[in-house]
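Within every chain, numbering begins at 1; the chains are lettered A, B, ... in the order of the sequence lines, protein sequences first and strands thereafter. When reading the values below, keep in mind they use all heavy atoms of this one structure, side chains included, and skip hydrogens, waters and symmetry mates. Values in this document were obtained by computation on a predicted structure and should not be read as measured data.
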There are 2 protein chains.
Amino acid sequence: MLNYSTSEENYIKAIYHLQKEGTVTTNELAAELSTRPASVTDMMKKLRTKKLVHYEAYKGFRLTPEGRKLALIIIRRHRLWEFFLAEKLKFSWDEVHAVAEDLEHVSSKKLIDKLDEFLGFPRYDPHGDPIPDANGKIETSKQVCLIDLPLNKAAVVCYVSDQSTEMLELLSHKKIGIGTRLEIKKKFSFDQSLEIKLRQQSATTISGDLAKNIFVKYDE
Amino acid sequence: MLNYSTSEENYIKAIYHLQKEGTVTTNELAAELSTRPASVTDMMKKLRTKKLVHYEAYKGFRLTPEGRKLALIIIRRHRLWEFFLAEKLKFSWDEVHAVAEDLEHVSSKKLIDKLDEFLGFPRYDPHGDPIPDANGKIETSKQVCLIDLPLNKAAVVCYVSDQSTEMLELLSHKKIGIGTRLEIKKKFSFDQSLEIKLRQQSATTISGDLAKNIFVKYDE
DNA sequence: GTTTTAATTTAGATTTGCCTAAAAAAATAT
DNA sequence: ATATTTTTTTAGGCAAATCTAAATTAAAAC
Ligand SMILES: [Mn+2]
Ligand SMILES: [Mn+2]
Ligand SMILES: [Mn+2]
Ligand SMILES: [Mn+2]
């Protein structure tokens, strides 16, 4: 496996996190990395020649299978170091991320696999996120009914059980679809209705009947 | 404290190790870092403006007190990581150096101090080299009489007790002086004479009477 | 003390990763 | 459909760290 620069690794990891909602755009990635859109375009051309991203001008980008594999390696390093810092060095959970941002770029495979063993093959980092194993396999968060989603926990809509025309009409009016990111702000036990907040929109209310038919996965 | 690049840190550390024998030259440093003399000159100008080295064109360089302080911070990181790798992750002693070369550039002070504590404040790395403490204090190898130096252990002449003309004449004939690097190849119990090898020269023999007056420190 | 050799520095390029400003393309509004 | 706004890309430049080749200085040899 080739060796990638810190900068390349940061881009790959950021794309991995953003692409859960489909194609990643130049501005999104620039914001995520606190850099400029022009820099993103430059880097995308480079990552394309290295076959880590699919990219066509003006059409956004996604990781190739190779790119995804690399992303999972970096995430594995990051989360194992976070676990080490919290568990062994007694860092508090909110301090681990910044240090892990540096440690994650030390690329020795043996180091990471031995660290994993030393830590007892932990499955989750201090934030509850799953740690990919040595083969790059990562636990996919299982889907849960929107009714059962905890308050203020970011989630992504992944399935709708009732697909009748009436249901779809209601969903489209509420601007909810597969991939929509949302969280629950309030639960009203009187009628099981929920106040939910869609990403980058104001709050809205949906009935319990609707919520029962929506399934989500936890968002990272 | 400012933040230094990986490259700057590697230069500073290399100068620290080389300057035990006086002024460091451009070619020496280039060889040590597997780079070109022209690159060394460029970097020395830069480190001079940052007040980390004393440097005048054609006259070699040495660390300033600031530079030495930085060097000891980097060496502390390096050796603590080497200890961690050997002790906790069960790396063999010859594998630790390469990985520590990367880890040493992660610059969080808190990380290193907590790592030190986690490891139980080890005093020596897996190669037997002393680990600087959190204040940058490092154990200076104490001087020992040449008679007592173990076989094949590299050492540097640091003191000569008899400074008579006759003694100095003999020393200069043997090309031995303060800073000379040597090791003992054989000890003859019959007359306490020693076969010693001076760095980059062929072996020679000295009498026990001479050896008794020469004091050395272990070389790193 | 010249001359020759070796060490060091300068000059000029290159690569990586970033930037600003301008141009081009796509999306949105009228 | 056209005009306006937003997004994205291109063009040109900059700083860090490296290089090669040429010039300069210092050291060694004669
Ligand atoms: Mn993190
Ligand atoms: Mn985490
Ligand atoms: Mn080492
Ligand atoms: Mn060591």
Side-chain angles (χ1 to χ4, degrees), chain A residues 2-15 18-19 21-62 67 70 74 101-102 104-105 107 172 175 199-201, chain B residues 2-15 18-19 21-62 67 70 74 101-102 104-105 107 175 200-201:
Chain A
L2 272 93
N3 223 37
Y4 299 100
S5 74
T6 293
S7 196
E8 290 170 331
E9 290 191 349
N10 284 333
Y11 274 89
I12 290 293
K13 193 175 61 145
I15 297 170
L18 291 173
Q19 77 173 12
E21 294 142 280
T23 302
V24 181
T25 69
T26 304
N27 275 359
E28 265 172 14
L29 192 46
E32 175 77 14
L33 293 170
S34 304
T35 185
R36 297 301 180 157
S39 308
V40 170
T41 301
D42 286 348
M43 184 59 92
M44 286 312 107
K45 287 184 196 162
K46 189 169 151 213
L47 294 181
R48 176 177 53 191
T49 70
K50 295 193 175 186
K51 300 199 188 291
L52 295 172
V53 299
H54 295 296
Y55 165 58
E56 226 182 311
Y58 298 104
K59 298 204 172 163
F61 18 85
R62 311 208 85 231
L70 176 57
I74 302 160
E101 279 300 309
D102 287 339
E104 73 185 3
H105 301 293
S107 63
S172 99
K175 294 198 171 37
R199 177 96 160 198
Q200 276 153 344
Q201 282 180 258
Chain B
L2 273 93
N3 223 39
Y4 299 99
S5 73
T6 293
S7 196
E8 288 169 332
E9 291 191 348
N10 284 332
Y11 273 89
I12 291 293
K13 192 176 60 147
I15 296 170
L18 290 174
Q19 76 173 13
E21 293 141 280
T23 302
V24 182
T25 68
T26 304
N27 275 359
E28 265 173 15
L29 192 47
E32 175 75 15
L33 293 170
S34 305
T35 185
R36 297 302 181 159
S39 309
V40 170
T41 300
D42 287 348
M43 184 60 92
M44 287 311 108
K45 288 184 196 163
K46 190 170 150 207
L47 294 181
R48 177 177 53 189
T49 72
K50 296 194 176 187
K51 300 199 187 294
L52 295 173
V53 299
H54 295 297
Y55 165 58
E56 227 182 310
Y58 297 105
K59 298 203 171 162
F61 18 86
R62 310 209 85 230
L70 176 57
I74 302 161
E101 279 300 310
D102 286 339
E104 73 185 2
H105 302 293
S107 63
K175 295 199 170 37
Q200 276 154 344
Q201 283 181 256

Within the structure provided, determine whether B:R36 and B:T26 are in side-chain contact (heavy-atom separation under 4.5 Å). no

Is there a side-chain polar atom (N or O) of A:Y11 under 4.0 Å from OP1 or OP2 of C:dC18? yes

A:E8 bridged to A:K50 by N-O distance under 4.0 Å: yes

Does D:dT9 have its OP1 or OP2 closer than 4.0 Å to a side-chain nitrogen or oxygen of A:T41? yes

Would you indicate what A:F61 reaches in the nucleic acid, counting non-hydrogen atoms under 4.0 angstrom: base, sugar-phosphate, or nothing? nothing

When we call it a touch if two heavy atoms are under 4.0 Å apart, what does A:A38 touch: a base, just sugar-phosphate, or nothing? base

So, OP1 or OP2 of D:dT18: does either fall under 4.0 Å of a side-chain N or O from B:R36? no

Calculate the interatomic distance between A:E9 atom CD and C:dT16 atom P; express it in whole Å. 16 Å

Determine: side-chain N/O of A:T26 to OP1/OP2 of D:dT7, distance under 4.0 Å, yes or no. no

Could you state the atom-to-atom distance from NZ of A:K59 to C1' of C:dA25 in whole Å? 12 Å

Taking 4.0 angstrom as the limit, do B:K13 and B:E32 come out as a salt bridge? no

Return the value, rounded to whole Å, for the distance between atom OH of A:Y58 and atom P of C:dA23. 13 Å

For B:S7, which contact category applies under a 4.0 Å heavy-atom criterion: base, sugar-phosphate, or nothing? sugar-phosphate

If the test is side-chain contact (heavy atoms from CB on, under 4.5 Å), which one of A:V40, A:T25, A:L47, A:T23 qualifies with A:F61? A:V40

Starting at atom CD of B:E56, determine the distance to atom P of D:dA26, rounded to an integer number of angstrom. 11 Å

Whether B:R62 side chain and B:V53 backbone form a donor-acceptor pair below 3.5 Å: no

Nearest nucleotide by nearest heavy atom, which residue falls closer to the 5' end of DNA chain C, A:A57 or B:Y55? B:Y55

Do any side-chain nitrogens or oxygens of A:K45 fall under 4.0 Å of OP1 or OP2 in D:dT10? yes

Value in whole Å for how far the C1' atom of D:dT10 lies from CG of A:D42: 9 Å

From CE of B:M43 across to C1' of D:dA15 the rounded distance in Å is 13 Å

Looking only at side-chain N and O atoms, does A:S39 come under 4.0 Å of OP1 or OP2 in C:dC19? yes

Interatomic distance, B:L29 CG vs C:dT9 P [rounded to whole Å]: 11 Å

Is B:N27 near enough to C:dA6 that one of its side-chain N or O atoms lies under 4.0 angstrom from OP1 or OP2? no

B:M44 CE to C:dT8 C1': how many Å, rounded? 13 Å

